[in-house]
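Worksheet for the structure shown next.
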There are 2 protein chains.
Amino acid sequence: MQGARVLTIGEFSRLTHLSVRTLRRYHDAGLLEPAEVDAASGYRYYTGEQIPTAQVIHRLRELDVPLADVARILRSPDPGTRAALVADHLRRLESELERTRAAVASLRRLLRPKPAAVDVELRRVPATTVAAVEDDVRLEDVLGWYAGAMAELDAVVGPAGVPGGVYDDALFQTGRGHVLVHLPAGDPPRSGRVHPVTLPAVELAVTTHVGAHDDIDVTYGELGAWVTGHLLAVAGPVRETYLVGPRDTADPAAWRTEIGWPVFSVTPG
Amino acid sequence: MQGARVLTIGEFSRLTHLSVRTLRRYHDAGLLEPAEVDAASGYRYYTGEQIPTAQVIHRLRELDVPLADVARILRSPDPGTRAALVADHLRRLESELERTRAAVASLRRLLRPKPAAVDVELRRVPATTVAAVEDDVRLEDVLGWYAGAMAELDAVVGPAGVPGGVYDDALFQTGRGHVLVHLPAGDPPRSGRVHPVTLPAVELAVTTHVGAHDDIDVTYGELGAWVTGHLLAVAGPVRETYLVGPRDTADPAAWRTEIGWPVFSVTPG
DNA sequence: CTGCACCCTCCCCCTGGGGGAGCGTCCAGC
DNA sequence: GCTGGACGCTCCCCCAGGGGGAGGGTGCAG
């Protein structure tokens, strides 16, 4: 390749099917430096050898890899590291696909005319002392945190009894909030993260969500509609009780989750 | 529901797991009008009956349905229309998923070290008169347009001979460009959109792309690199010849597409 | 040497959100 | 009846990753 010709940005654009604008942006982002930049005119010049790099960037962008991540992938010289970074993103795509599937299923259920009316019960619950693990958790970490906390509870208390959770509203508002999981225990021990907690007495509006938690917010909504329709207001973090959960069966369709929202009466007018 | 309680935006937010900000945005976008807006204070008030609507919006947004489309879906009163619009979007998701799959496959090929060197041939081609259909087409419409044009060509000329296409660069730059498909014909007829076209004599840098067209741009890139490496420049729209295509076999892996780029010599210095 | 295609930078626009400032409102407790 | 604090309002700037277009400089062929 003696004296391989340099290409203007327009030629390079035609050869890579990336727009001129986009090439300039990739230059600014440090993704794809032109082989040469004329100091006087600012003209960018590329070479044919840069085409494969442009192709890789193109593909990664088609997969919605953020520019910063693309840069990281391109900069890692070791093909192993590179492959690992790509595999990382593919895993992310996979889980996104899973969420999409769940949303589609849930949407179908939502659009089915007349979803079965919710069955809500008003229940006065006394203060209870339980063995608990609690923490401030980010919404996306809840599932992992729950698994770890529940495993620790199981280990300390024993896997008997129906587990429950208490979830701060802020979790769904700001994406971060206080979370507590608990198991009933006659004399709650104190070990590691496990410690006794007394849940206050409350009046709960209770309903049961059947199935996986993908669309549990729909049941939340129905419960909320019932509550406000009965001139009640919500006060305090929601309580969930896992009547049938992953510890009982691997089939999510069989799960039964009791949702209890602390309420108090609102006098109209 | 005598006197169902109205909810402040904060309460409604907690009940729907949509952020207060987002609810305000949906109001501005006309997606979810509060049941009542206090004229003096500007306070938004919602009712429990609006919760299901909020849920549907939530699900649609999880599926990346644009707000405008969500509005259209919500506004269509007929459940049939509504379902059709949703199905439309699900189809879009499906094709997007397909593109993602293709991009992943292509990326794997790209990252495999040492892709086989391209086999490029420089070929002088005389002017040829063919039966053609041509039009200005948008990039996303090319496949459909191609199918229709080729069917018309087949009907008029007969399905003999190797089909080809000529694609304006602008197609890949601005997403819209001039496209021409052709079949060889001794005495090209004129019928419907079919008419004779004389392709000018050119010197072509030719290579063959094997497989589906998902990553044909990679072959384009390799061809481009070869061209510039040989002190040539690209001049004019690319020509494709479908040696083995969908008319010949349903297996995309067996497709063979000849890519020819008109070139001219560039004297260095 | 002139015209024109090409290139440059800079600014604003789009999508759907988040963070935060600065200020008004509502209601419970005193 | 007053007051504090939680909550509401609007408005502006920020993010990604582009696109459109203005206004002006360059390079090359006829």
Side-chain angles (χ1 to χ4, degrees), chain A residues 5-14 17-32 34 36-46 57-58 60-71 138-140 169-170 172-176 233-236 264 266-269, chain B residues 5-14 17-32 34 36-46 57-58 60-71 138-139 169-170 172-176 233-235 264 266-269:
Chain A
R5 213 163 61 77
V6 294
L7 302 161
T8 65
I9 198 170
E11 292 176 298
F12 194 71
S13 156
R14 278 186 285 277
H17 294 171
L18 291 166
S19 80
V20 169
R21 291 195 101 76
T22 300
L23 287 173
R24 285 202 271 253
R25 183 177 310 275
Y26 290 173
H27 178 196
D28 294 344
L31 272 193
L32 186 61
E36 184 191 331
V37 177
D38 187 297
S41 68
Y43 277 31
R44 295 166 178 86
Y45 294 103
Y46 297 83
I57 298 176
H58 197 169
L60 291 171
R61 285 299 306 137
E62 281 182 348
L63 297 175
D64 285 327
V65 179
L67 290 190
D69 292 13
V70 175
R138 278 182 309 174
L139 184 55
E140 62 265 35
D169 282 333
F172 307 103
Q173 299 308 304
T174 66
R176 173 170 203 92
V234 171
F264 63 94
V266 177
T267 41
Chain B
R5 216 164 59 77
V6 294
L7 303 162
T8 65
I9 197 168
E11 293 176 297
F12 194 71
S13 157
R14 278 185 286 276
H17 294 171
L18 291 166
S19 80
V20 169
R21 295 193 95 77
T22 299
L23 287 173
R24 285 202 271 251
R25 184 178 310 275
Y26 290 172
H27 178 197
D28 294 344
L31 272 193
L32 186 61
E36 186 192 330
V37 177
D38 187 298
S41 67
Y43 276 33
R44 295 166 177 86
Y45 294 102
Y46 297 82
I57 298 176
H58 197 168
L60 291 171
R61 285 299 306 137
E62 280 182 349
L63 297 174
D64 285 325
V65 179
L67 289 189
D69 292 13
V70 175
R138 279 182 307 175
L139 185 54
D169 283 333
F172 307 103
Q173 299 307 305
T174 66
R176 173 173 202 90
V234 171
F264 62 94
V266 177
T267 42

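Note on naming: letters A, B, ... go to the chains in the order of the sequence lines (proteins, then strands), and numbering restarts at 1 for each one. Side chains are part of it too, since the values below use all heavy atoms of this structure and drop only hydrogens, waters and symmetry mates.
Residue B/Y46 contributes atom OH, which lies 12 Å from atom C1' of D/dC9 at whole-angstrom precision. Regarding B/H27, its NE2 atom lies at a distance of 14 Å from the C1' atom of D/dG8, rounded to whole Å. Residue B/R21 contributes atom CZ, which lies 15 Å from atom P of D/dC15 at whole-angstrom precision. Rounded to an integer number of Å, the gap from CD1 of B/I57 to P of C/dG16 is 12 Å. Distance A/L60 CG to D/dG17 C1': 15 Å, rounded to the nearest Å. Atoms CG (A/L23) and P (D/dG19) sit 10 Å apart, rounded to a whole Å. When the C1' atom of C/dG17 is taken as reference, atom CG of B/L32 falls 17 Å away, rounded to whole Å. Here the C1' atom of nucleotide C/dC14 and the CG atom of B/D28 are 17 Å apart, to the nearest Å.
With values rounded to the nearest 0.5 angstrom, A/R25 atom CZ is found 12.5 Å from A/L18 atom CG.
For B/F264, the side-chain contact (heavy atoms from CB on, under 4.5 Å) test picks out B/A233, B/A235, B/V266, with sequence neighbours left out. Residues meeting the side-chain hydrogen bond (donor to acceptor under 3.5 Å, both in side chains) test with B/R21, sequence neighbours left out: none. Looking at residues two or more places apart in sequence or on another chain, you find no side-chain hydrogen bond (donor to acceptor under 3.5 Å, both in side chains) involving A/R176. Considering only residues two or more places apart in sequence or on other chains, B/E36 meets the salt bridge (Lys or Arg N to Asp or Glu O under 4.0 Å) condition with none of them. Listed by chain and number, the residues in a side-chain contact (heavy atoms from CB on, under 4.5 Å) with A/D38 are A/A40, A/S41, A/Y43, A/Y45 (sequence neighbours excluded). When the salt bridge (Lys or Arg N to Asp or Glu O under 4.0 Å) test is applied to A/D64, no partner is found at least two apart in sequence or on another chain.
Between A/E11 and B/V234 there is no side-chain heavy-atom pair separated by less than 4.5 Å. In this structure, B/H27 and B/V37 have side chains that are in contact, with non-hydrogen atoms separated by less than 4.5 Å.
One finds no side-chain N or O of B/Y26 lying less than 4.0 angstrom from the OP1 or OP2 phosphate oxygen of C/dG16. The phosphate of C/dG16 (OP1 or OP2) has no side-chain N or O of B/T22 nearer than 4.0 angstrom. Side-chain N/O atoms of A/S19 include none lying less than 4.0 angstrom from OP1 or OP2 on D/dG18.
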- Query: Reading nucleotides 3-8 of chain C 5' to 3', which nucleotides get B (base under 4.0 Å from a protein heavy atom), which S (sugar-phosphate only), which -?
  - Reply: ---BSS
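Across A/L67 and A/Y26, no two heavy atoms sit closer than the pair CD2-CE2, 3.7 Å. A pairwise comparison of heavy atoms in A/L31 and A/I57 identifies O-CD1, 3.9 Å as the closest pair. Contact record, B/L7 with B/R5: CD2-NH2, 3.6 Å, taken as the closest heavy-atom pair.
Residues from residues 61-71 of chain B placing a heavy atom under 4.0 Å of any atom in DNA chain C, listed by number, are B/R61, B/P66, B/L67.
Over its full length, the helix from C/dC1-D/dG30 to C/dC30-D/dG1 turns its helical axis through 20°, comparing axes from the five pairs at each end and rounding to 10°.
In terms of polar N and O atoms assigned as donor or acceptor, the side chain of A/R25 comes within less than 3.5 Å of the base of D/dG18 in a complementary pairing.
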